[in-house]
Amino acid sequence: MVISIHQTTEQRFQDEDLYLVERFVAGQSTAFQVIYEKYFDKVHSIARGVLGDHEDASDATQEVFTAVYRNLKSFDRRSKFSTWLFRVAVNRSIQFARSVKQKRRQVELTEAADVATLDRIPAIENQQVATCMRALNEEDRAILVLYYWHELSLQEIGPIMGCNPNAAKTRLFRARERFKAQFEKEDR
Amino acid sequence: MDDLMWLIADQPDPAAIESFERRYPELRSELLKRINMVHEMKGAKGMEVPVPAFQPTIAAGSLRRRVWPVVLASSALACLALASFWVTDRLLHGGDLPGVNTAKRPAVGKFEPEKESTTVKLPAEAEVIPAPPTVEKPANVEFSKPENSRITVKLKDVPLSMAISVIASESGLHIELAPGFPDTSVTIDFSGQPAIQVLEAMGVEYGFTPLSQEAGSVLLVPAKDPNRTAPSAPGVTETGSH
């Protein structure tokens with residue numbers, strides 16, 4: 001009975017997303033505002049986890065929703081809207097992280113001390129976790145965020161990361177092991 | 001074993017932890033580490049952030065994607081303009097275009113006035129009006145003779161010898177003056193007349209007779225032919241002879 005209620009609730013949310021998408025595609029721009037407000041925090045937390053910086057995460061989140069706004073018409077409805085959205089969020093955040101990394105490397109090369117970076121608000125309040133996350137690559141951070149922060153199942157994470165659930169399980173295992181190694185190093 | 005420990009760490013059920021510790025006491029610390037790590041990780045998610053207004057951003061990539069078509073179109077237009085300039089330049093300056101059969105192409109060269117329409121600089125009193133350029137002459141041998149080349153000459157109060165030399169230069173005739181030729185002041189106004197007719201008309205007026213010699217050569221003798229009168233061929237107009 002509980003399972004059936006849960007499924008009904010999921011179904012309702014799923015339908016609500018599709019309804020909003022349909023309304024937006026039909027030209028009702030306020031539908032997008034509803035989508036934006038509903039998913040902002042989830043997308044922002046993905047960006048925060050991948051990027052590790054509050055300002056970068058906010059910029060990346062705006063980029064994600066801009067991309068969604070522009071490409072929502074191409075959403076094929078074969079997957080859940082949230083899966084599609086999170087996939088866009090993960091990919092954009094990874095891209096953003098790489099471009100930021102490249103820019104900062106250039107700044108270091110020109111020996112221009114970026115004082116502003118020292119004052120930036122950390123995206124992850126727990127210093128130990130933040131340090132461990134920073135030591136991982138972007139894909140590892142993304143899968144840990146999806147699994148531990150969003151509490152998604154491997155069946156849901158697979159399509160978001162562009163792989164099947166078994167591959168997602170393997171990737172999660174490796175990411176977790178790398179995180180643990182860093183965590184223990186920080187613990188000493 | 002790793003999977004089992006991660007499973008318990010992810011969902012730390014006290015009964016499951018107790019059971020695991022009882023069965024694998026040597027792995028107790030390892031399990032606790034993982035439980036602690038997962039707990040820290042989950043707790044690091046942080047608070048919800050206030051939702052700012054949606055501000056669409058223009059990513060550098062999309063900007064590049066937008067700029068490229070404009071750059072390509074501009075380049076194509078520039079190439080087109082250069083090509084048309086080059087073709088026009090070649091046509092105007094008589095250059096051959098690669099792949100174009102120039103034999104069939106009508107001769108479009110630099111405009112050069114024909115000989116009879118050359119403007120001659122004369123003293124202030126003299127004025128030469130060039131004849132309108134003839135587009136095409138029929139293939140008639142008579143027209144090719146210098147005597148028959150049409151000239152336009154308008155001179156006022158100039159010596160006869162100067163008038164003769166102007167006519168010679170305009171028509172291409174070789175004009176010889178016999179001894180005792182009068183060099184009086186003349187005023188003439190001929191338009192589009194054959195050179196020989198101009199000379200004949202002047203001869204009637206100023207007392208000399210043009211005698212055609214070999215081709216392109218005329219001798220002017222200071223005597224009037226009593227049988228000759230002013231030319232009255234159709235199209236011959238003498239507007240101001242004295």
Side-chain angles (χ1 to χ4, degrees), chain A residues 29 32-33 35-45 47-49 52 54 57-71 92 95-96 99 121-130 132-133 144-145 147-151 169 172-173 176-177 179-184 186-187, chain B residues 1-17 19-21 23-72:
Chain A
S29 57
F32 187 80
Q33 189 62 30
I35 293 172
Y36 174 73
E37 284 172 9
K38 180 177 173 183
Y39 284 106
F40 176 86
D41 191 59
K42 289 183 178 180
V43 170
H44 190 266
S45 68
R48 242 183 324 130
H54 207 278
S58 296
D59 291 345
T61 304
Q62 292 299 328
E63 265 197 36
V64 169
F65 280 105
T66 303
V68 170
Y69 186 85
R70 290 210 177 108
N71 301 305
R92 289 273 164 165
Q95 278 175 19
F96 200 96
S99 68
I121 305 162
I124 303 168
E125 285 178 20
N126 186 319
Q127 192 57 45
Q128 191 179 8
V129 174
C132 295
M133 287 287 267
L144 290 175
V145 164
Y147 190 76
Y148 286 115
W149 289 4
H150 288 262
E151 299 184 338
K169 186 179 178 183
L172 173 68
F173 182 82
R176 214 160 32 186
E177 288 296 325
F179 184 87
K180 179 172 159 278
Q182 287 295 325
F183 197 82
E184 284 172 354
E186 287 292 313
D187 236 4
Chain B
M1 191 58 67
D2 265 338
D3 277 349
L4 182 62
M5 281 195 283
W6 280 123
L7 189 67
I8 295 168
D10 288 345
Q11 295 158 354
D13 179 30
I17 294 168
S19 170
F20 183 87
E21 286 176 351
R23 288 172 70 182
Y24 307 102
E26 72 280 8
L27 295 175
R28 184 174 176 270
S29 64
E30 186 65 26
L31 179 66
L32 287 175
K33 270 185 204 169
R34 289 174 198 225
I35 291 170
N36 182 39
M37 190 195 90
V38 170
H39 176 74
E40 293 290 328
M41 179 68 195
K42 284 183 175 175
K45 186 184 175 184
M47 301 290 285
E48 284 191 2
V49 289
V51 182
F54 175 54
Q55 296 169 333
T57 55
I58 299 170
S62 69
L63 197 63
R64 273 197 293 277
R65 280 195 295 277
R66 281 186 191 179
V67 165
W68 269 112
V70 177
V71 169
L72 284 175

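Lettering follows sequence order; numbering is per chain, from 1.
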Novice: Looking at B:Glu40 and A:Val129, what are the two nearest heavy atoms and their distance?
Specialist: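 Shortest heavy-atom separation between B:Glu40 and A:Val129 comes out as O-CG2, 3.7 Å.
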Novice: Can you confirm whether more than 12 heavy atoms, excluding those of B:Gln11, are under 6.0 Å from its CD atom?
Specialist: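 No, because the 6.0 Å sphere around CD of B:Gln11 holds 12 heavy atoms or fewer from other groups.
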Novice: Please report the interatomic distance OH(A:Tyr148) to NE2(B:His39), rounded to the nearest 0.5 Å.
Specialist: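 So the OH of A:Tyr148 and the NE2 of B:His39 are separated by 13.5 Å.
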Novice: Where on A:Phe65 is there a heavy atom nearer than 4.5 Å to chain B: the side chain, the backbone, both, or neither?
Specialist: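 Both parts, backbone and side chain.
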Novice: Start with the C-alpha distance between A:Phe183 and B:Arg34, add both sets of side-chain angles, then the distance that settles side chain to side chain contact (heavy atoms under 4.5 Å, CB included), and finish with yes or no.
Specialist: CA-CA 10 Å; A:Phe183 197 82; B:Arg34 289 174 198 225; over 6 Å; no
Novice: Quick check on the interface: out of A:Gln128, A:His44, A:Glu151, who has the most heavy-atom pairs with chain B under 4.5 Å?
Specialist: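 Most pairs with chain B among the choices: A:His44.
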Novice: Is A:Lys180 salt-bridged to B:Asp2, cutoff N-O under 4.0 Å?
Specialist: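 The answer is no: the pair does not qualify as a salt bridge.
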Novice: Mind running side chain to side chain contact (heavy atoms under 4.5 Å, CB included) on B:Met37 and A:Glu184 for me, showing each step along the way?
Specialist: CA-CA 9 Å; B:Met37 190 195 90; A:Glu184 284 172 354; over 6 Å; no
Novice: Nearest heavy-atom pair of A:Tyr36 and B:Pro52: which atoms, and what distance?
Specialist: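 Scanning both residues completely, I find the closest heavy atoms to be OH-O, 2.7 Å.
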Novice: Do B:Phe54 and A:Gln62 come within less than 4.5 Å of each other through their side chains, counting heavy atoms only?
Specialist: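 In short, these two side chains touch, coming nearer than 4.5 Å.
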